[in-house]
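Below, all heavy atoms of this structure are taken into account, side chains as well, without hydrogens, waters or symmetry copies.
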Amino acid sequence: MHAANDWIARLIKLGLTVAVSGAVALGAASPALADDTAELKQLKEQLAAASTNLDEAKANLKTKQDMASQATALKEEGTAGYFKYVGATGAYDVLTDSGLNGKLGPSIHLGASDDATSLDNMGATFEYLDKCNELRAGEGKGALKVSDTLMAMSQADTDWSSTNTEHARVFDIGENLAWNSPENDPFARWYTAEKQNKTNGNGITGHYDNIVNGSYQITGFAIHRNSSNPYGGNTYGQVFFFGLTPRMVRSANAWAGSRSMTVQDYYANFQSYRSFLSNAGANVNAAQEAVNAAQKTYDDIAARIQSLSSPPQPNQPNQHGSSSNSGGAPGAPSAPGSASPSNPGGSTSGSRDPLSSRSGQLGLARTGASVFGVAAVGLGLCLAAGGAVLLKRKAAH
């Protein structure tokens, strides 16, 4: 009798223990699953932000690549490339359109090192433009501004005059020319010597008169190096004009888009253009590094999500591709829009989403925990209740 009662008591105790275990399982499973769900939600937000950053980095890279290609093409055209870049279409046409430059065209070799259209040679003209204005100031005359079209006309004229020791007379402008000037200073003859001639009342003074002409408002200057003429050395040319009226700007193709700026402002603009040319390649490299960094950030987050999912079986091909140019690790999930050279548009179709996989596993885990907890509680209560019934019957006997 006592042995039977002990057995029934153990049955009731076992039932209560199982019920308590089920209740504990139900209570313990929920916080763990909630922690995993919160981490995945945070990772999903981070992955979306990383994808946006990667798209922006790739767009910036494309822009820098396009600019580098543009810079390469412009550089090959020498100063004509500069005029094209700033929208001075008339100046560009002066150097490239035979309908405007006539006999000068064969003498123009865009961008050649000795040519007046060399960017280096154009860069060397600004000290002479400054000096001209200093001399004018000494005569009480206003400073001349630099004109795109007059810079181009001076370059075309000077290239032609480097082999023809005379004025080209293609454009209706004032012009000073000098060949092989002492100490590379054409103003020694144009201004100093001819001012003395004017004082003495004999000799030529036309170059001096052009420099101090108060009616002139805009100018251009050019240098052709190592000239092929009896004088040798450098050929210097400076051209002058009275200024543009709205009617002339509208009617003359040579003046289309031409700007007039102070020497200082023009020089700053020209230097900015040269910086654009020289930095184009470095900008592409920096943009590519930014893409690589953004791709790595995306891949690292995707890898963390992947690590929360079931690992792939040995020798099983990974279902996520990565861009061959992205800098990401092989096997990492592809960022949206990533592409290999043979698939410029990029594709992620058919790939398994680690977030969806993990969410499914969480759902199964939550269901399993619930089933186990409910079953354990139910079984435990049944055992305890059955034991209580048996104990009651024995007590009745």
Side-chain angles (χ1 to χ4, degrees), residues 79 82-83 88 91 94 115-162 165-169 171-199 203-225 227 231 233-244 255 258-271:
T79 60
Y82 169 66
F83 297 131
V94 165
D115 202 87
T117 61
S118 157
L119 291 172
D120 287 338
N121 290 341
M122 183 172 174
T125 64
F126 292 99
E127 64 176 290
Y128 296 101
L129 290 165
D130 272 333
K131 184 166 185 177
C132 178
N133 279 336
E134 290 173 4
L135 296 173
R136 285 174 63 87
E139 300 278 353
K141 308 299 181 182
L144 299 173
K145 290 186 175 182
V146 183
S147 157
D148 291 318
T149 292
L150 287 189
M151 290 294 282
M153 288 180 174
S154 185
Q155 291 165 12
D157 273 3
T158 301
D159 276 344
W160 186 85
S161 295
S162 68
T165 54
E166 59 179 318
H167 294 281
R169 303 187 188 282
F171 308 113
D172 187 18
I173 50 178
E175 181 177 59
N176 287 349
L177 288 171
W179 296 270
N180 197 18
S181 296
E183 300 181 358
N184 294 320
D185 181 11
F187 293 102
R189 293 174 178 168
W190 290 347
Y191 180 83
T192 305
E194 293 192 17
K195 183 176 183 179
Q196 187 62 46
N197 290 346
K198 200 168 193 69
T199 300
I204 61 173
T205 62
H207 303 91
Y208 169 81
D209 291 336
N210 276 339
I211 293 172
V212 300
N213 188 330
S215 296
Y216 285 144
Q217 299 179 32
I218 54 178
T219 188
F221 202 104
I223 303 171
H224 183 108
R225 301 191 185 279
S227 303
Y231 304 108
N234 297 336
T235 300
Y236 299 89
Q238 183 172 13
V239 298
F240 308 86
F241 199 62
F242 303 106
L244 299 180
W255 297 98
S258 184
R259 305 163 303 164
S260 296
M261 306 165 66
T262 65
V263 176
Q264 292 74 20
D265 287 345
Y266 201 100
Y267 175 75
N269 183 266
F270 179 73
Q271 288 300 103

Once rounded to the nearest 0.5 Å, what's the spacing between atom OG1 of Thr219 and atom CD1 of Ile211?
9.5 Å

Restricting to non-hydrogen atoms, name the atom on Thr158 and the atom on Ala222 that form the minimum distance, rounded to 0.1 Å.
OG1-CB, 3.6 Å

Test side-chain contact (heavy atoms from CB on, under 4.5 Å) applied to Ala124 - qualifying residues, sequence neighbours left out:
Ile223, Arg225

Donor-acceptor pair, side chain of Asp159 and main chain of Ala116, under 3.5 angstrom
yes

Taking the side chain as every heavy atom from C-beta outward, state whether Glu175 and Val239 have any atom pair closer than 4.5 Å.
yes

Taking side-chain contact (heavy atoms from CB on, under 4.5 Å) as the test, write out the residues that go with Glu166, two or more places apart.
Trp160, Asn164

Any donor-acceptor pair under 3.5 Å linking the side-chain atoms of Thr117 with those of Asp115?
yes

Non-neighbouring partners of Gln264 that pass side-chain contact (heavy atoms from CB on, under 4.5 Å), sequence neighbours left out:
Asp130, Thr262

Residues which pass side-chain contact (heavy atoms from CB on, under 4.5 Å) with Gln217, listed by chain and number, not counting sequence neighbours
none

So which heavy atom on Ser258 is nearest to which on Ser147, and how close?
OG-OG, 3.3 Å

Could you tell me the separation between the CE atom of Met153 and the CG atom of Asp148, rounded to the nearest 0.5 Å?
11.5 Å

Run the ring pair (Phe, Tyr, Trp, His ring centres under 6.0 Å) test against Phe270 and tell me which residues pass, sequence neighbours left out.
Tyr82, Phe126

Hey, does Asn234 have a side-chain heavy atom less than 4.5 Å from the side chain of Asn180?
no

Ring pair (Phe, Tyr, Trp, His ring centres under 6.0 Å) filter on Phe83, not counting sequence neighbours, yields none

Between Arg189 and Glu194 the two heavy atoms that sit nearest each other are O-CG, 3.3 Å

Residue pair Phe171 / Ala156: nearest heavy atoms and the distance that separates them:
CE1-CB, 4.5 Å

Any side-chain heavy atom of Thr192 sitting closer than 4.5 Å to one from Asp185?
no

Taking only residues two or more places apart in sequence, or in another chain, which ones meet Phe240 in a ring pair (Phe, Tyr, Trp, His ring centres under 6.0 Å)?
Tyr216

Decide if the gap between the ring center of Phe241 and the ring center of Trp255 is smaller than 6.0 angstrom.
yes

Tell me whether Asn197 contacts the main-chain N or O of Thr205 through its side chain, where contact means a donor paired with an acceptor under 3.5 Å.
no

List for me each residue that meets side-chain hydrogen bond (donor to acceptor under 3.5 Å, both in side chains) alongside Gln271, sequence neighbours excluded, and say none if there are none.
none

One should read off an interatomic distance between Thr125 OG1 and Tyr266 OH, to the nearest 0.5 angstrom, of 8.5 Å

According to side-chain hydrogen bond (donor to acceptor under 3.5 Å, both in side chains), who are the partners of Lys198, at least two apart in sequence or on a separate chain?
Asp209

For the atom pair NE2 (His224) and CG (Leu177), what is the distance rounded to the nearest 0.5 Å?
13.0 Å

Sequence neighbours left out, what passes side-chain hydrogen bond (donor to acceptor under 3.5 Å, both in side chains) with Ser227? Give chain and number order.
Thr235

Contact summary for Ser154 and Phe221, nearest pair of heavy atoms
OG-C, 3.5 Å

For the SG atom of Cys132 and the OH atom of Tyr191, what is their distance to the nearest 0.5 Å?
10.0 Å

Pairwise salt bridge (charged side-chain N to carboxylate O under 4.0 Å, His left out) hits with a residue in residues 133-145, at least two apart:
Glu139-Lys195

How close do Pro186 and Ser181 get, heavy atom to heavy atom, and via which atoms?
CA-OG, 3.4 Å

For Ser260, side-chain hydrogen bond (donor to acceptor under 3.5 Å, both in side chains) partners two or more places apart:
none

What's the spacing between Ile218 CD1 and Thr149 OG1 if we round to 0.5 Å?
8.0 Å

Donor-acceptor pair between Asn184 and Tyr236 side chains, under 3.5 angstrom
yes

